[in-house]
Amino acid sequence: MTKQSFHTQIVHQQINQSEATTSKTTPIYQTSAFTFNDLDHIEQYYDGEVPYLYTRENNPNNAELGQTIAQLEQAPAGVASSSGISAIMAGILSVVQAGEHIVAAQDLYGGTQQLITKQLSSLGIEYTLVDFSSSDAIKEAIQSNTKLLMTESITNPFLRVENLKTIVEIAKGHNLKTMVDNTFATPYLLNPYTWGIDLVVHSATKYIGGHSDVTSGVLVGDNDLIALANKKVVGLGMNLSPFEAWLTERGAKTLALRMREQSANAQQVAMHLEENNSVKQVYYPKNVSSRGNGAIVTIELAHDLDVATFFKSLGWIKIAPTLAGVETTVSYPSKTSHRALTDTEKENLGINDYVVRISIGIEEGDDIVSQLNEAIANATTT
Ligand SMILES: *Cc1c(COP(=O)(O)O)cnc(C)c1O
């Protein structure tokens, strides 16, 4: 090796590059590319013997996250991407092309609806949104160019639990693929792939990451579909950054503990709010899984309450347009997630100005109940 000047030395001072270091956790491979010893080594990459070339194509942290969630979902393969929305987009584009058609649930997450109705439709992908609780409505919406049925295992904000068995049957009967957004249920409560769903997608921004410090997505399915989806992630530049993959993976390690605690707290909160006369309706699903029913509780406050006062009286419970962190937060669908909808569209979905979505955290259940009761009491205009 020739002698290096300071300027050369400073950019070549890589110390511990070896794979042989036995660090307890996977290090963050914060690198945009990987290096090669010689031309044969490059050939080995294209022969599939060497795994990494360029981070947009693949990176150990991203690969690990895809594999982790695939395992938890009991699916053969997974791919991580930059957000829940990009994972959904990769899933759709691996199955549907311009001129083809999607039948999707009308109560999909707002951002997913916008993706389908605004972005993908402008690229020539057709859609029909229908009420997925009616199998007749789904069947009537299927056209000769339909390729995909898309829904969520537990919907937002009213927590309708999808009948996955029916969806799979309809799809089989019409030779369609199926995709289910499993964000609210998490792989702890439900594994749609084991029901026969082809693609299962997560906004890992939510429970999988779990700490409200990262935006990421994961899509899982069989090897062929995930290979296609991976081409979309790479080719359309929807890759996740290694650090965000690492943070998501770190969060995922406590998914079971968090979901156990949060679901138990949610059950307690739902039970107490049922008994509160100032709450018109409590939405909390039943029989989701033997491990619990999830950690979101949606309520419709009685219409004589002052909603603004309720939101001002929440104390340590913060207002946030997201969900699934370790802290209890509340959101206001009519002014955030569903703001873009017309009044009629909101009415059709049952969203009015008294609907509040509560994402239950890991605090002491009694504390959550007392703080919510206090806010409701303050908002009661007598
Ligand atoms: C948040 C969310 C998304 C979108 O995920 P991002 O990570 O924000 O892109 C999709 N589906 C559901 C059910 C969500 O809650």
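Counting starts at 1 for both ligands and their atoms, in listed order. Owing to the predicted nature of the structure, the values given are computational and were not obtained by experimental measurement.
No hydrogens or angles considered: a donor-acceptor pair under 3.5 Å links the side chains of E73 and N191.
Ring centroid separation for the pair Y332 and F311 comes in under the 6.0 Å cut-off.
Partner of N373 under the side chain to side chain contact (heavy atoms under 4.5 Å, CB included) criterion, out of N276, V269, N378: N276 alone.
For I85, a nitrogen or oxygen atom sits less than 3.5 Å from a nitrogen or oxygen atom of ligand 1, counting backbone and side chain alike. No N or O atom of E152 sits closer than 3.5 Å to an N or O atom of ligand 1. Looking at S203 next to ligand 1, an N or O pair under 3.5 Å apart turns up.
Of all protein heavy atoms, the one lying nearest to atom 3 (C) of ligand 1 is Y109 CE2, 3.4 Å. The shortest contact between atom 14 (C) of ligand 1 and any protein heavy atom is with K206 NZ, 3.0 Å.
Cation-pi geometry between K346 and Y354 is not met: the NZ or CZ atom fails to fall both under 6.0 Å from the ring centre and inside 45° of the normal. By the 6.0 Å and 45° rule, R258 does not stack over the aromatic ring of Y207.
Contact between N145 and E126 at its shortest, heavy atoms only, is ND2-OE1, 3.2 Å.
In this structure, of T183, D181, I88, the residue bringing a heavy atom nearest to atom 11 (N) of ligand 1 is D181.
Those atoms of ligand 1 that come under 4.0 Å of a heavy atom in T205, given as number and element, are 6 (P), 7 (O).
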